[in-house]
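Presented below is the structure to which this report refers.
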Amino acid sequence: MKILKETVDTLVLGAGAAGMMAAIFAAEMGGRVVVIDHAKAPGEKIRISGGGRCNFTNRHATSRNFLSKNPHFCKSALSRYTPEDFVALVEQHKIAYHEKTLGQLFCDHSARDIIAMLLSELERKSVSVKLKTRMTDLEKTPDGFRVSIEGDGERSEITARHFIVASGGKSVPKMGASGIAYDIAERFGHKVTETRPALVPLTFATQDLEAFNALSGVSAPAIVSHAKTSFQEALLFTHRGLSGPAILQISSYWREGDDITVTFLPEVNVFSRLKDLRTARGKRQIQAVLSEELPTRLARYLAPENVFTGNLADQSDRQLQRLSEAIQNWRLKPVGTEGYRTAEVTLGGIETSGLNSRTMESKTTTGLYFIGEAVDVTGWLGGYNFQWAWASGAAAGRAISAV
């Protein structure tokens with residue numbers, strides 16, 4: 001089979017959020033840029049994000065919303081490509097969007113609008129996107145990199161001055177996610193921190209699941225805490241354990257063997273409220289009273305009739321204190337997570353000590369860049385990881401276009 005050869009300024013591995021953004025900026029000064037991806041379509045994780053509407057950024061994104069071995073590393077990129085910068089691009093392309101809670105921005109219509117916007121920018125910059133294409137070999141040369149690829153029954157060899165790795169992490173393997181970025185990093189002398197699923201539902205032991213199996217499908221606002229970290233959002237009971245925004249958030253901090261604490265009715269002093277109600281409405285069943293504040297099935301679980309017998313007036317202060325503890329200091333011990341299959345991102349990754357925080361370039365290999373989820377920078381739920389993709393991609397692309 002004949003091997004086609006071409007020379008470019010920049011080759012980007014990965015046509016996701018970070019990769020496309022890097023390519024757009026790398027081509028700013030007219031340099032020839034090629035993006036390759038094994039997928040059938042670009043931006044697949046963008047397409048499925050936010051329930052199909054893409055939570056494309058968060059107005060409040062700062063370094064405080066990210067986990068990393070070096071919490072300061074992300075500051076440079078985030079400060080030089082902000083949520084306002086991406087929103088300006090969205091508005092330039094006349095994409096309708098709205099803000100939900102906590103600064104989260106979503107497309108009004110479809111996540112495909114964001115993909116179309118990025119592809120439009122790539123086309124405007126004459127960037128070539130090769131899909132259904134996989135890298136088969138990578139070599140460092142005196143002037144850059146030689147990359148062998150296969151796709152559509154053809155084999156090609158691309159020589160590039162700059163090589164950007166934007167292939168993501170291990171999350172959502174059904175879409176082809178792999179650890180190729182970590183393999184490349186280690187090959188060029190970089191360290192990789194422990195990686196694990198993040199923003200992922202938590203699972204429980206069989207005996208615990210049996211205890212609250214009747215709660216599957218129930219959702220309620222709550223504060224979920226682990227050590228000194230807490231998140232106040234919705235919690236959802238599932239047939240495997242717990243999910244919902246509050247649980248996904250805390251999963252990035254939780255470790256096997258640790259407890260989490262759930263606080264329902266976080267705005268209320270439940271013990272004082274129950275004592276007042278005992279005086280005012282003492283003839284009512286305690287489960288009925290709780291059902292006015294919590295989902296009925298959850299109220300019955302937290303105040304089982306075989307434990308809290310009789311009316312509210314029949315409950316002693318000790319019993320009411322016991323109930324308030326169950327509602328506002330419920331300690332649970334998950335046994336695991338649902339894994340990369342349902343994880344939104346990968347926690348950990350390529351150690352930032354080996355990268356230039358301003359350019360995302362390798363400190364060991366000139367012309368090699370790592371961006372996006374592959375790097376040890378992991379955002380909270382709510383558009384933060386997309387903002388890191390845009391910002392880190394812009395950082396690498398700008399550095400290349402300035403050369």
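Remark: the Thr57 side chain and the Gln387 side chain contain an N/O donor-acceptor pair separated by less than 3.5 Å. Side chains of Thr82 and Asp85: a donor on one and an acceptor on the other come within 3.5 Å. A side-chain donor-acceptor contact under 3.5 Å links Ser171 and Glu373.
Aromatic ring centroids of His162 and Phe145 lie 6.0 Å or more apart.
Under a cut-off of 6.0 angstrom, the local environment of CD in Glu305 is sparse, with at most 12 non-hydrogen atoms contributed by other residues, nucleotides or ligands. Within 6.0 Å of CZ on Arg112 lie no more than 12 heavy atoms contributed by other residues, nucleotides or ligands. Within 6.0 Å of CD in Glu123 there are 12 or fewer heavy atoms belonging to other residues, nucleotides or ligands. With a 6.0 Å radius and a threshold of 12 heavy atoms from other residues, nucleotides or ligands, Lys140 has its NZ atom above the threshold. A 6.0 Å sphere centred on NE2 of His93 holds more than 12 heavy atoms belonging to other residues, nucleotides or ligands. Atom CE of Met29 sits in a sparse spot, with 12 or fewer heavy atoms from other residues, nucleotides or ligands closer than 6.0 Å.
Checked by atom type and distance alone, the side chain of Ser167 never pairs as donor or acceptor with a backbone atom of Ile180 at under 3.5 Å. Under a 3.5 Å cut-off, the side chain of Ser251 and the backbone N or O of Val200 do form a donor-acceptor pair.
With Phe106 as the aromatic partner, Lys100 meets the cation-pi criteria of under 6.0 angstrom to the ring centre and within 45 degrees of the ring axis.
Each of Trp390, Tyr384, Phe86 was scored for a ring-ring contact (aromatic ring centres under 6.0 Å, His included) with Phe56, with one residue passing: Phe86.
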Assess the residue pair Glu28 and Arg398 against the criterion (salt bridge (Lys or Arg N to Asp or Glu O under 4.0 Å)); give the C-alpha distance rounded to whole Å, side-chain angles, the decisive distance to 0.1 Å, and a yes or no.
CA-CA 8 Å; Glu28 189 70 36; Arg398 281 169 169 164; over 6 Å; no
Determine, step by step, whether His38 and Thr133 satisfy the side chain to side chain donor-acceptor pair (under 3.5 Å) criterion, reporting the C-alpha distance in whole Å, the side-chain angles of both residues, the deciding distance to 0.1 Å, and the verdict.
CA-CA 5 Å; His38 65 275; Thr133 299; over 6 Å; no
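The existence of a salt bridge linking Asp317 and Arg278 is confirmed by a sub-4.0 Å separation between a basic side-chain nitrogen and an acidic carboxylate oxygen.
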